[in-house]
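Below: the structure, in structure tokens.
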Amino acid sequence: MIRLGLCCKFIDQPIKFRTATANYLKRHKEKGEDPYVYLNDIVNNNVDSLEKAILYCHSIGVGSFRIGSDFLPISTHPDFHYTLKDLPDGSKLIAKLKEIALLAKEKNVRLTFHPSQFVILNSPKDDVVEKAIADLEYHASIAELVGADVINIHGGGGYGDKLSALARFEENFKHLSPKVKKRLTVENDDKIYTPNDLLPLCKQLNIPLVYDVHHHRCLKDILTEEQATNAALETWNREPLFHISSPLYGWDSNKTHHHHDYIDINDFPKFWKSIGPFTLEVEAKAKELAILKFKKELSI
DNA sequence: AGCGGTCAAGTTGAT
DNA sequence: ATCAACTTGACCGCT
């Protein structure tokens, strides 16, 4: 049994998540307007959209939804940082998110997060790490409310010495709150950290590996796809989570990491059909259209 | 309505 | 040196 996951947004469905820029908020504020009133509108919209997203995913047999990092836009920006309770509708929004957690549970839609590329826990720069921690804590506060069990990040930079960079990841992990720690996962990327690089970190910290088979094909290591899959499965103390995508220009191109609008069924590792229940996030630009086509071709 | 310029942030590698 | 890529183009402001 494979639970398919939709990432962040929709192509055809009228479900929109809004965002804001710090520059606009600044100009807004200079005109004497309250930026938090503006943000309040956006967050109200996003909370409503999350409910619609869960209901829609459930209606098409998609069992997981990744919430975009701009769910509360600008919330960790130095000039405008805020949390839900700082917004005019704060209490209402918190109550609504708790209802959404129950809805997701009832509809069996798993919720996840994937913080942005700027969240780097292993940087040699203290300020970068501090910002990463703040961002992870922001994600965890929403995750706690809506019942999301995954906050997935990459290993970070290599800095010419991956071993000491990973040691820094381990050290900085200690500074995270329990609510981040119990949700944090790491994913192999297409440039620096392979599954084989990350497995020792996962074992050391007791955190799961999100196995991205596309990235593994872009950046290989000594592990076969079967070995990486099995090793990743062992790191999970809950339903495992994997990623799939297809290369935009094909596997012969020199730019294999670009994502295609759809999933080529041949990119799905056949042996994944016979492993236990897991979540498979589909990273395809055509979103729900791609997932519907993929689901049909997989006959699940 | 359509379009061009802009957007907070880190790191890497292609050009 | 510049810039695209990454989980994601969306948004404002002008015509």
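First the proteins, then the strands, lettered A, B, ... as listed; each starts at 1. What you see below is based on every heavy atom in this structure, not just the backbone, and it leaves out hydrogens, waters and symmetry mates. Note that the structure is a prediction, hence the values are computed from the model and not measured.
Follow the hydrophobic side-chain contacts under 4.5 Å out from A/Ile244 and you reach A/Leu233 in the same cluster. Criterion: ILVMFWY side-chain heavy atoms under 4.5 Å apart, direct or through other members. Under it, A/Val150 and A/Leu199 are not part of a common hydrophobic cluster. Note on A/Phe65: it does not cluster hydrophobically with A/Leu289, by side-chain heavy-atom contacts below 4.5 Å among ILVMFWY residues. Linking ILVMFWY residues whenever their side-chain heavy atoms come closer than 4.5 Å, directly or via other members, places A/Val186 and A/Ile151 in the same cluster.
In this structure, A/Phe80 and A/His77 have tilted ring planes: the angle between them lies in the 30° to 60° band. Using cut-offs of 30° and 60° for the angle between ring planes, the A/Tyr211 and A/His216 rings count as perpendicular.
For the pair A/Glu130 CD and B/dA9 C1', the interatomic distance rounds to 14 Å; values are reported in whole Å. Rounding to whole angstrom units, CG of residue A/Asp189 and C1' of B/dT11 are separated by 10 Å. Residue A/Leu6 contributes atom CG, which lies 11 Å from atom P of C/dT8 at whole-angstrom precision. The interatomic distance linking A/Leu219 (CG) with C/dA5 (C1') rounds to 15 Å, in whole Å. One can place CG of A/Asn188 at 14 Å from C1' of C/dC6, the figure rounded to the nearest angstrom. One atom, NZ of A/Lys131, and another, P of B/dA8, lie 13 Å apart when rounded to the nearest Å. One interatomic measurement links the two molecules: CD of A/Glu187 to C1' of C/dC6, which rounds to 10 Å at whole-angstrom precision. Taking atom CG of A/Asp126 as the reference point, atom P of B/dG10 lies 14 Å away to the nearest angstrom.
When every heavy atom of A/Pro269 is checked against every heavy atom of A/Val213, the shortest pair comes out as CG-CG2, 4.0 Å.
Using a 4.0 Å cutoff on non-hydrogen atoms, no part of residues 162-186 of chain A comes near DNA chain B. Annotation: proximity of residues 279-297 of chain A to DNA chain C (heavy atom, distance under 4.0 Å) is found for A/Glu283, A/Lys287, numbered in ascending order. DNA chain B lies under 4.0 Å from at least one heavy atom of each of the following residues of residues 71-83 of chain A: A/Ile74, A/Thr76, A/His77. Interface residues of residues 20-48 of chain A facing DNA chain C, ordered by number: A/Tyr24, A/Arg27, A/Tyr38; criterion, heavy-atom separation under 4.0 Å.
No contact: A/Gly156 has no heavy atom under 4.0 Å from any strand. A/Gly157 comes within 4.0 angstrom of sugar-phosphate atoms only, judged by non-hydrogen atoms across all strands, and of no base. If you check every strand for non-hydrogen atoms under 4.0 Å, A/Phe113 touches nothing. Across all strands, A/His154 comes closer than 4.0 Å only to sugar-phosphate atoms, never to a base (heavy-atom distances).
To the nearest 0.5 Å, atom CD1 of residue A/Ile207 and atom CG of residue A/Leu201 are 5.0 Å apart. Between the CZ atom of A/Phe113 and the CG atom of A/Asp135 there is a distance of 11.0 Å, given to the nearest 0.5 Å.
Under the 6.0 Å cut-off for aromatic ring centres, A/His114 and A/His154 qualify, their centroids lying closer than that.
Only the C1' atoms considered, C/dC6 is 24 Å distant from B/dG4, to the nearest whole Å. B/dC7 and C/dT8 have their P atoms separated by 22 Å, given to the nearest Å. The P atoms of C/dC3 and B/dG5 are separated by 14 Å, rounded to the nearest whole Å. Going from the P atom of C/dC12 to that of B/dA8 covers 13 Å, rounded to whole Å.
Looking only at distances, no side-chain donor or acceptor of A/Asp190 sits under 3.5 Å from a matching main-chain atom of A/Leu219.
Across B/dT11, B/dT12, B/dA9, the shortest atom-to-atom separation from the side chain of A/Ile192 is found for B/dT12. The side chain of A/Thr19 has C/dC11 as its nearest neighbour among B/dA9, C/dC11, B/dT11. Distances were taken from every side-chain heavy atom of A/Arg18 (C-beta onward) to each of B/dG13, C/dC11, B/dT11; the shortest belongs to C/dC11.
Salt-bridge formation is not detected for the pair A/Lys203/A/Glu234: no Lys NZ or Arg NE/NH1/NH2 atom is positioned less than 4.0 Å from an Asp or Glu carboxylate oxygen. We find that A/Asp197 and A/Lys162 are joined by a salt bridge, their nearest charged nitrogen and carboxylate oxygen being less than 4.0 Å apart.
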- Task: Applying side-chain contact (heavy atoms from CB on, under 4.5 Å), run through A/Gln204 and A/Leu166 and close with a yes or a no.
- Result: CA-CA 11 Å; A/Gln204 194 67 32; A/Leu166 287 173; over 6 Å; no
- Message: As a quick check of understanding, evaluate ring-ring contact (aromatic ring centres under 6.0 Å, His included) for A/Tyr38 and A/Tyr24, giving each step before the final call.
- Response: CA-CA 10 Å; A/Tyr38 180 79; A/Tyr24 175 74; 5.0 Å; yes
- With both pairing distances under 3.5 angstrom for Watson-Crick or G-U wobble, and | for a partner in another strand, the correct string for DNA chain B is |||||||..||||||
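The phosphate of B/dT11 (OP1 or OP2) has a side-chain N or O of A/Lys125 nearer than 4.0 angstrom.
A/Trp236 is linked by a ring pair (Phe, Tyr, Trp, His ring centres under 6.0 Å) to nothing, counting only residues two or more places apart in sequence or in another chain.
Between the side chains of A/Ser64 and A/Glu281, no donor-acceptor pair is found at a separation under 3.5 Å. If you check the side chains of A/His214 and A/Glu283, you find no donor sitting under 3.5 Å from an acceptor.
Under the stacking criterion of a centre-to-centre distance below 5.5 angstrom and an interplanar angle below 30°, A/Phe118 sits stacked against the six-membered ring of B/dA9.
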